[in-house]
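Just so you know, residue 1 is the first one in the sequence shown, and it goes up from there.
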Amino acid sequence: MIRDVLSDALYPMGLKRLGDCSDGADSITLIGPDEPRFWSVFCKSPEYRDGAADPLDRWSLRVITGIADTLNAEPLFPFGGPPYAQFFTWAKQSGRFWASPIGFLVHDDGGLFVSFRGALRWKTTARSDPRIQPCTACAKPCATACPVGAFSNGYDVAACKAHVTSDAGASCRTAGCLARRACPVGQGTRLPDQAAFHMEAFL
């Protein structure tokens, strides 16, 4: 099966399939980190070690393009635009992502720490595997975990950045957003070093 071949190609790179959806006559397969395995794989890459800008995007471009070439698929990425590929739309159509109480996408397996490294568009039937929305029976701790209420009315990016860069925001800065960490789905799978890497990029 072609999807077994895809799984075999993604696994050694610390990646996994996050969901699939139809895109006209084609199929979109969303790809993201298989945490916590992903971080050690990425840290051994030349992109991580060369000191140049955008190491994760450059790594994703190289790795996912190589996989796409092997499988005769078109690689797609959430960066490099505009125009930008419709990752948010594809995610919602996959049946495995939903809008969380704080507005960010939540994944049935990765929770609020899920992220996209790329996708494949190919001539194959999309696998339908809708899951149960994890927020339905949840106490929604993400909605109240932010110390400065950055998610109280939409997303106050300025308040978030001001807190994260302050002394009081050391925990968010070094271990990841407290609101994301409060999500019980996939809790503890993102390593602190990886979270700090993403927070530095955010700032």
Side-chain angles (χ1 to χ4, degrees), residues 6-20 28-71 73-91 94 96-97 100 102-107 109-121 155 157 160-161 164-165 169-181 183 185-203:
L6 173 59
S7 295
D8 290 344
L10 293 175
Y11 186 84
M13 308 312 299
L15 298 170
K16 66 179 180 180
R17 184 181 63 86
L18 297 176
D20 300 89
I28 299 291
T29 297
L30 299 165
I31 296 170
D34 185 5
E35 299 176 0
R37 293 192 314 108
F38 165 78
W39 187 242
S40 64
V41 174
F42 171 61
C43 287
K44 296 172 185 174
S45 71
E47 290 86 357
Y48 178 78
R49 297 170 181 235
D50 65 15
D54 304 316
L56 186 52
D57 287 351
R58 290 187 291 114
W59 179 88
S60 302
L61 183 66
R62 173 175 64 84
V63 169
I64 294 177
T65 297
I67 292 172
D69 289 346
T70 300
L71 299 177
E74 177 188 359
L76 304 164
F77 300 95
F79 50 83
Y84 292 98
Q86 299 178 341
F87 276 78
F88 186 88
T89 298
W90 294 332
S94 74
R96 297 189 62 185
F97 291 84
S100 71
I102 62 173
F104 295 168
L105 283 176
V106 61
H107 184 250
D109 181 53
L112 284 172
F113 272 127
V114 71
S115 62
F116 304 112
R117 293 320 318 153
L120 300 180
R121 176 186 281 123
Y155 178 31
V157 178
C160 175
K161 286 191 174 183
V164 173
T165 55
S171 179
C172 289
R173 190 168 60 250
T174 60
C177 168
L178 283 170
R180 293 182 190 265
R181 283 156 56 191
C183 179
V185 181
Q187 197 170 73
T189 56
R190 176 159 290 184
L191 300 175
D193 285 352
Q194 182 181 355
F197 173 90
H198 285 288
M199 292 304 287
E200 182 179 354
F202 165 65
L203 296 173

Q: Taking all heavy atoms of Arg37 and all of Ser40, pick out the closest pair and write down the distance.
A: O-OG, 3.1 Å
Q: Provide the closest heavy-atom pair for Cys183 versus Val106 in the form atom of the first, atom of the second, distance.
A: SG-CG2, 4.3 Å
Q: What pair of heavy atoms forms the shortest contact from Phe113 to Cys177, and how long is it?
A: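 Taking Phe113 first and Cys177 second, the nearest heavy atoms are CZ-O, 4.3 Å.
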Q: Does the side chain of Asp54 come within less than 4.5 Å of Phe79's, by heavy atoms?
A: no
Q: What heavy-atom pair brings Ser115 and Arg190 nearest, and what distance separates the two atoms?
A: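 So the minimum-distance heavy-atom pair works out to OG-NH2, 3.6 Å.
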Q: Start with the C-alpha distance between Arg58 and Asp50, add both sets of side-chain angles, then the distance that settles side-chain contact (heavy atoms from CB on, under 4.5 Å), and finish with yes or no.
A: CA-CA 11 Å; Arg58 290 187 291 114; Asp50 65 15; 2.9 Å; yes
Q: Are side-chain heavy atoms of Leu6 and Leu120 found at a separation under 4.5 Å?
A: yes
Q: Is a side-chain N or O of Ser45 found less than 3.5 angstrom from the main chain of Val41, in a donor-acceptor match?
A: no
Q: Take atom CZ in Phe197; do more than 12 heavy atoms of anything else shown fall under 6.0 Å from it?
A: yes
Q: Decide yes or no on side chain to side chain donor-acceptor pair (under 3.5 Å) for Ser171 and Arg181, but give the supporting numbers first.
A: CA-CA 11 Å; Ser171 179; Arg181 283 156 56 191; 3.2 Å; yes
Q: Taking side chain as C-beta onward, heavy atoms only, is Leu56 less than 4.5 Å from Glu47?
A: no
Q: Locate the shortest heavy-atom distance separating Arg117 from Leu15; write the atom from each residue and the value.
A: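 Nearest pair, atom of Arg117 first, then Leu15: CG-CD2, 4.1 Å.
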Q: Do any N or O atoms from the side chain of Arg17 and from the backbone of Leu10 form a donor-acceptor pair under 3.5 angstrom?
A: no
Q: Is it the case that more than 12 heavy atoms not belonging to Glu200 sit under 6.0 Å from its CD atom?
A: no
Q: Let me see the working for Trp90 and Leu76 under side-chain contact (heavy atoms from CB on, under 4.5 Å), right down to the final yes or no.
A: CA-CA 12 Å; Trp90 294 332; Leu76 304 164; 3.6 Å; yes
Q: Please give me the minimum heavy-atom distance between Ala9 and Ile67, naming the atom from each residue.
A: O-CD1, 3.9 Å
Q: Near Phe202 CZ, under 6.0 Å, is it more than 12 heavy atoms from other residues, nucleotides or ligands?
A: yes
Q: Check side-chain hydrogen bond (donor to acceptor under 3.5 Å, both in side chains) between Arg121 and all other residues, then give those that pass, not counting sequence neighbours.
A: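 With sequence neighbours excluded, Arg121 shows a side-chain hydrogen bond (donor to acceptor under 3.5 Å, both in side chains) to Asp23, Glu74, given in chain and number order.
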Q: Ignoring hydrogens and angles, tell me if any N or O in the side chain of Arg180 forms a donor-acceptor pair with the backbone of Leu112 under 3.5 Å.
A: yes
Q: Hey, could you give me the SG/NZ distance between Cys172 and Lys161, rounded to the nearest 0.5 Å?
A: 14.5 Å
Q: Between Asp109 and Arg96, is any pair of side-chain heavy atoms under 4.5 Å apart?
A: yes
Q: I'd like to check Leu105 versus Phe87 (side-chain heavy atoms, cut-off strictly below 4.5 Å). Are they in contact?
A: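 Leu105 does not reach Phe87 side chain to side chain.
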Q: Do you know which of Phe97, Tyr84, Phe77 makes ring pair (Phe, Tyr, Trp, His ring centres under 6.0 Å) with Phe116?
A: Phe97
Q: Okay, side chain of Arg173, backbone of Val164: is any donor-acceptor separation there less than 3.5 Å?
A: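 Checking the backbone N and O of Val164 against the side chain of Arg173, a donor-acceptor pair under 3.5 Å is found.
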Q: Taking the side chain as every heavy atom from C-beta outward, state whether Gln194 and Phe42 have any atom pair closer than 4.5 Å.
A: no
